Amino acid sequence: MEYNFTDIERKWQQYWKENKIYKTQIDHDKPKQYVLDMFPYPSGAGLHVGHPLGYIASDIYARFLRQKGFNVLHPMGYDAFGLPAEQYAIQTGQHPAITTENNINRYREQLDKIGFSYDWDREVRTCDPEYYKWTQWTFIQLYKHYYNNKTQKAEPITELISKFERSGNLDLDASSDSIEDFTAVGWRKMNEKEKQQTLMKYRLAYLSETMVNWCPKLGTVLANDEVKEGYSVRGGFPVEKKKMNQWSLRVTAYAQRLLDGLEKIDWPDSLKEIQRNWIGKSEGATIFFKVKGFDDQIEVFTTRPDTIFGSTYMVLAPEHELVKKITTQQYSSKVEKYIEESFKRTELERMSETKSVTGQFTGTYCEHPFTGDLLPVYVADYVLAGYGTGAIMAVPAHDSRDYSFAKKFKLPIKEVVTGGNIEKGSYDAKEGTLVDSDFISGMCVPDAIKAVVKKLESNGTGKGTVNFRIRDAIFSRQRYWGEPFPVYYKDGIPYVLDEDELPLELPEVDKYLPTEAGEPPLARAKNWKTKEGYQLDWNTMPGFAGSSAYYIRFMDPRNDNELVSKEAVEYWRNVDMYVGGAEHATGHLVYSRFWNKFLYDIGVVVEPEPFKKLINQGMLQGRSNFVYRVKGTNKFVSYNLKENYDTMPIHVDVNIVDNDILDIEAFKKWNPEYENAEFVLENGKYVCGWDVEKMSKSYHNVVNPDDLIEKYGADTLRLYEMFLGPIEQSKPWDPKGFEGAFRFIKRFWRLFHDDKGNLNVTQQSPTKEELKALHKAIKKANEDIERFAFNTAISAFMTFLNKLYEYKCNKKEILEPFLIILSPFAPHITEELWHKLGNRQSIFFSEYPEYDESYITEDMITYPVSFNGKTRFKIEISADKDAEEIEKKVLEAEESQKWIKDKKVKKVIVVPGKIVNVVV
RNA sequence: GCGGAUGUGGCGGAAUUGGUAGACGCGCUAGACUUAGGAUCUAGUGCCGCAAGGCGUGGGGGUUCGACUCCCUCCAUCCGCACCA
């Protein structure tokens, strides 16, 4: 009898569900482990085989840890707000809640078939009011806090107010928008509106008029991480800059802590590096340059204060606030024209024209703070408004961009650091000696930097500064399908709702489109007002709002009184193992770290970092097949004959190709165009070409997990996905290799049965050899699961199974532990056999077998003997022999003579237990 | 341009600390059972060579008794960032 996986898998999935095998509760007697997958956005396309890769890995890990005695939290939910459901709603009028619900049900069905060990009682959906109540709650807390740089944490805005009342903002060091100094008297003189406007500049969630990424096609603004190379990540639509009044989160306040925290977490280096670049810390100096003829100063940021004596002109970004003010009459029309043109150019054009430099002289000059020389001030869009101060001191000799600008506008180039050739190009390296630089001449670059900063600070013309590239996250979206802001407007001033009014539920609208006036969809909602009649905010929150704290909510998902109870958060603390794709490096993984740090500051969570260890699963690529059509005909040539014809390759559905042999009949039916196709065969077969590509419908190489489960079963799918290779690597899906995993499952089943399909397991005591094989497998499985190397663990199981066939072993004492160590990988077949052997409880309540070293140690060791590093023969030597005896044995051996012959033995290296190397 | 990663049979990959390179699986070859098999089992399978033997972890160089592993250098591929001052 063959293994009937369909019935057996269904049976146990049912059993696990009914008996709530995976239900998890706080248990103070057991150590906890929190194993989490990045929860999916439930798309309409369903899961393909690449999707569950990480879920399978974490599931194996979670099951393993349970058997090792840990209390494991392993939940799953849905990141359910988002654009695709809303776009679909715009097209069809179907409410996004319905689309989302349908997609979730489909996902759930697919997930269930794979046999995951999630505690579904903890499921959360970000679009559920019970859930987003706490997203809104956190927003309110962000609104009610500011960041105190002195204490390096978020503090209540009420404390800020009392500081203002005491001494204005004079001795305050807080993260804020640019703001003028005011005294306590000044504060008291402000009216309500002015006070609110002032506070807004300090809040961690704040409303401000800023340059945003506006995507007209999506009708919304986007955060920086949602834009890539001038296009929206979702949808790929062009994005432009626009000034708008928007909510933002003051992520920049946490920049240093976000950077420092990376040191303490176990994440892939590449991912940490991406975050470091994103945060973009650079140390340097801000320097003030007096503008001649004005009271104003231009503040610049530079990482190379040492090159200050090489500065020959100044540049302001077109958006810089001083540009208009300081431009002389003579140049004003030219400057205005330049600014206008540069605004017209989209980000995209600006980027594609990297090489050509543009700019315009303003007619004004600045004074050099040390020499008093006059430097011309230009406006040019190679200087970005959003970075540093939006102004630079140009040092053409030591900055390649300044160099090409200087060349174009015939500005002087003055070398101040040795090592380059300024005739040919700029010398940007931080190595060399300062020259022609007054008090720093003769110093090396690092010393010169320090000396200049010191001087700037002592004469008040500048100071040492740290600058970050990371920007505050824009938090408003002009879309329907997201969390409404718990915000209303009174006399044009925003206020947040009381916490007991949450959740503020998403209202119904007649259309999911902006209004005629261009207002967001929520402006369509009837009576979108507080009970006092104040207008509620029309924006909704972005995708990362709901995903920033879902791992916290999983700890206590049904708590209606708080985001998470003290008891739950103190027990589960944070995620021990987080598995997901690297594409979230600058989005979700930055925001949730920020969100967590804020919640940490206000005492909601107890760990400064949300995800202790993180593993990125690689992508599963598709393996595409091709047929070769003779150009201009309906004739197809087999792969190895195609050189004789003028052909073009055409993607063919991988489902009608087996082992690269085309099913010709299926091909004819596949597309009516090919119904009468002719074929040039080799050996009576049509051989297809192949290539590894992205898995995509248009390449006809998508593999669907449901089809595979139907044909081979979930255990085979799980096993094969893990066997393919290291989890973090991208690798192609080989449909043929899949059958190897299936063979293993079938062979495993047969080990327990006789030819007639009856259970056939004996009570005999195992031999030494059998025990050795078992304990080797236990050891290997243990080590490999711990380092997430599931592919090698599976090959150890295969080796073990091969051994048992060799020994013809069907002894319970060996097979039962084998079931347990295989069960995290193949839960269904092992559960079935476990029960067949007479066990009553689920195999997942059994204890992981203990590995015993004594079974593995060998009496005899086979030493490879090499001569000059080349292995020549092997020799068996008793394990208790010491190096001297081994050397003697080896040299006496007959085979040795052949390699020594007349040569002299110079040296013999013996590594006991490993190898022998003879140098002749 | 900057930063990171990866290069091992026909293919996916293994070698955890410098110690038998190619485990395990796919594919392939031959055979057994079979009406048949795309089921199962047995044997073989890095390359060259009849063999002895030689060559072999992207290329070149180095350290070492010994290098996929460490160092230098070059090449290729992938990913991230990109006028970031």
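Owing to the predicted nature of the structure, the values given are computational and were not obtained by experimental measurement. Chain naming here is simple, since letters A, B, ... match the order of the sequence lines and numbering starts at 1 in each.
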Nucleotide B:A14, atom P - distance to CD1 of A:Ile727 in whole Å
12 Å
Could you pull out all residues at least two apart from A:Phe738 that satisfy ring-ring contact (aromatic ring centres under 6.0 Å, His included)?
A:Tyr712, A:Tyr720, A:Trp733
Taking only N and O in the side chain of A:Gln729, is any of them less than 4.0 Å away from OP1 or OP2 of B:U6?
no
Need to verify one output field. Residue with the more 5' nearest nucleotide on RNA chain B, A:Ile794 or A:Pro726?
A:Pro726
I'd like to know if A:Asn917 reaches the base of B:C65 with its side chain, counting only an N/O donor and acceptor under 3.5 Å.
yes
For B:G9, does the O4'-C1'-N9-C4 (purine) or O4'-C1'-N1-C2 (pyrimidine) torsion place it in syn, i.e. within 90° of 0, or in anti?
syn
To the side chain of A:Asn791, which of B:A14, B:U40, B:U20 is closest?
B:A14
Any A:Arg276 side-chain nitrogen or oxygen under 4.0 Å from OP1 or OP2 of B:G4:
no
Which nucleotide sits closest to the side chain of A:Phe723: B:A23, B:G12, B:A82?
B:G12
When you measure from the side-chain N and O atoms of A:Arg743 to the phosphate of B:G27, is any distance below 4.0 Å, counting only OP1 and OP2?
yes
A:Glu273, nearest nucleotide to its side chain (from B:C65, B:G3, B:C24)
B:G3
Out of B:A82, B:G12, B:C24, which has the shortest distance to the side chain of A:Arg469?
B:A82
Checking A:Asn625 side chain against A:Gly689 main chain: does a donor-acceptor pair fall under 3.5 Å?
yes
Side chain of A:Tyr387 only, please: which of B:C11, B:A85, B:G27 is the nearest?
B:A85
For B:A39, the Watson-Crick or wobble counterpart (both distances under 3.5 Å)
none
Closest nucleotide among B:G13, B:A85, B:A15 to the A:Thr792 side chain:
B:A15
Whole-Å distance separating the CD1 atom of A:Ile274 from the P atom of B:G3:
15 Å
Look at A:Arg747 and B:C41 and indicate whether a side-chain polar atom (N or O) is within less than 4.0 Å of OP1 or OP2.
yes
Under 6.0 Å between ring centres, would you say that holds for A:Tyr3 and A:Phe748?
no
Gap in Å between the two C1' atoms, one belonging to B:G10 and one to B:U45, rounded
11 Å
Proximal nucleotide (of B:G12, B:A23, B:A82) relative to the A:Lys731 side chain
B:G12
Starting from the C-alpha separation in whole Å, work towards a yes-or-no answer on side-chain contact (heavy atoms from CB on, under 4.5 Å) for A:Arg750 and A:Tyr805.
CA-CA 10 Å; A:Arg750 279 203 306 275; A:Tyr805 265 86; 3.4 Å; yes
Mind calculating the distance between OH (A:Tyr712) and P (B:G38) to the nearest angstrom?
14 Å
The side chain of A:Asn659 is closest to which nucleotide in this list: B:C65, B:C11, B:C28?
B:C28
Given B:U16, B:C41, B:U20, which nucleotide is nearest the side-chain atoms of A:Glu783?
B:U16
When rounded to whole Å, the CG to P distance for the pair A:Asp399 and B:G1 reads 17 Å
Without swapping roles, check the side chain of A:Asn791 against the backbone of A:Met722 for a donor-acceptor pair under 3.5 Å.
no
A:Tyr378 atom OH is separated from B:C83 atom C1', nearest whole Å, by 18 Å
